[in-house]
Chemist: 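Please see the structure below; I have some questions.
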Number of protein chains: 2
Amino acid sequence: MHKKKPNVDRVFHALGDPTRRAIVEKLSEGPISVSRLAEPLDITLAAVVQHLQVLEESGLVQTEKTGRVRTCRIEPAGLSLAEQWIGDRRSRWERRLDRLGDLLAEPDESK
Amino acid sequence: MHKKKPNVDRVFHALGDPTRRAIVEKLSEGPISVSRLAEPLDITLAAVVQHLQVLEESGLVQTEKTGRVRTCRIEPAGLSLAEQWIGDRRSRWERRLDRLGDLLAEPDESK
DNA sequence: ACAATTGTCAAGTGAATACTTAAGTAACGA
DNA sequence: TCGTTACTTAAGTATTCACTTGACAATTGT
């Protein structure tokens with residue numbers, strides 16, 4: 001089992017590939033097996049498995065094998081991590097803009 | 001000038017590289033020139049310029065040349081796009097979990 | 001027992017990627 | 001005007017990456 005702690009570097013690297021994003025997209029609808037994941041994907045099963053390894057290493061996806069079928073599900077903490085990284089940078093930028101705006105609007109606040 | 005419309009594919013590809021994320025990180029503190037961006041980065045100026053091209057193509061960064069210095073700034077719409085993509089998938093997953101929870105909590109809602 | 005399903009593993013290939021070096025251009029500053 | 005600064009561009013290189021093929025293992029249905 002061994003749940004991987006999500007890591008910013010790996011998460012963004014994983015999301016950088018369009019096929020892996022398609023996998024995440026599909027998984028957001030619910031858990032699904034490897035072969036059903038592969039069906040719409042125009043690549044071999046082996047390639048899909050490789051993508052899943054990357055996704056699991058990154059902590060974006062968790063999988064569990066029961067019998068001969070491996071079921072894959074999203075690990076939302078991985079997505080949150082990336083979302084937060086982006087949000088942090090964006091809001092830092094926007095707060096900066098606000099401060100600039102304030103300075104321009106009221107150049108003298110000495111009272 | 002020609003502001004590039006941000007595009008999900010390019011944005012995620014751009015954010016997939018750690019050096020480019022470091023650049024975005026730095027830019028979130030405010031606009032800065034190419035050479036000052038490069039200073040802490042342990043790679044050549046030429047490499048930084050190449051990363052900036054990718055970032056600009058993706059719509060994450062905007063640059064403007066005045067005299068001999070090119071000033072770079074974040075384009076927050078690019079970050080928002082990625083943030084939204086992630087948020088959409090995460091919330092779809094979470095809504096699904098909620099529905100499942102409801103079903104388990106109240107198996108008979110026929111009234 | 002046997003065949004089909006579902007996935008795993010290893011090796012190889014071609015393309016993309018990040019990086020360097022080197023040579024050049026344009027603007028600024030004394 | 002002449003040197004320095006701040007990029008820019010092109011070409012080459014080494015590595016990483018996505019993908020395929022093919023051989024294999026385990027599980028399940030008949």
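Letters A, B, ... mirror the listed sequences (proteins, then strands); counts begin at 1.
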Chemist: Does B:R21 come within less than 4.0 Å of B:E25, counting only side-chain N to carboxylate O?
Modeler: no

Chemist: Distance check needed: D:dA6 P versus B:I32 CD1, whole Å only.
Modeler: 12 Å

Chemist: Who pairs with A:W93 by ring pair (Phe, Tyr, Trp, His ring centres under 6.0 Å), at least two apart in sequence or on another chain?
Modeler: none

Chemist: Please report the end-to-end axis angle for the helix from C:dA1-D:dT30 to C:dA30-D:dT1, five pairs per end, rounded to 10 degrees.
Modeler: 30°

Chemist: For B:K65 and D:dA6, what is the distance between atoms NZ and C1' respectively, to the nearest whole Å?
Modeler: 7 Å

Chemist: Does the protein touch nucleotides 25-30 of chain D at the base, only the backbone, or not at all? Give it as B, S and - per nucleotide, heavy atoms under 4.0 Å.
Modeler: --BS--

Chemist: Of all heavy-atom pairs between B:V11 and B:A82, which one has the smallest distance, and what is that distance?
Modeler: CG1-CB, 3.8 Å

Chemist: Name all residues meeting the salt bridge (charged side-chain N to carboxylate O under 4.0 Å, His left out) criterion together with B:E29; count only those two or more places apart in sequence or in a different chain, and write none if there are none.
Modeler: A:R92, B:K26

Chemist: Just to verify, which of A:Q53, A:R73, A:R70 counts as forming a side-chain hydrogen bond (donor to acceptor under 3.5 Å, both in side chains) with A:T63?
Modeler: A:R70

Chemist: I'd like to know if the side chain of A:E64 pairs up with that of A:T71 as donor and acceptor (distance under 3.5 Å, no hydrogens or angles considered).
Modeler: no

Chemist: Output one letter per nucleotide in nucleotides 16-24 of chain C: B when a protein non-hydrogen atom lies under 4.0 Å from the base, S when only the sugar-phosphate is that close, - when neither is.
Modeler: -SSBBB---

Chemist: Roughly how many Å is it from CG in A:L52 to P in D:dA18, rounded to a whole number?
Modeler: 13 Å

Chemist: Please collect all salt bridge (Lys or Arg N to Asp or Glu O under 4.0 Å) contacts where either partner lies in residues 35-47 of chain A, sequence neighbours excluded, each pair once.
Modeler: none

Chemist: Does any N or O in the side chain of B:R20 come within less than 3.5 Å of the main-chain N or O of B:H51, such that one atom is a donor and the other an acceptor?
Modeler: no

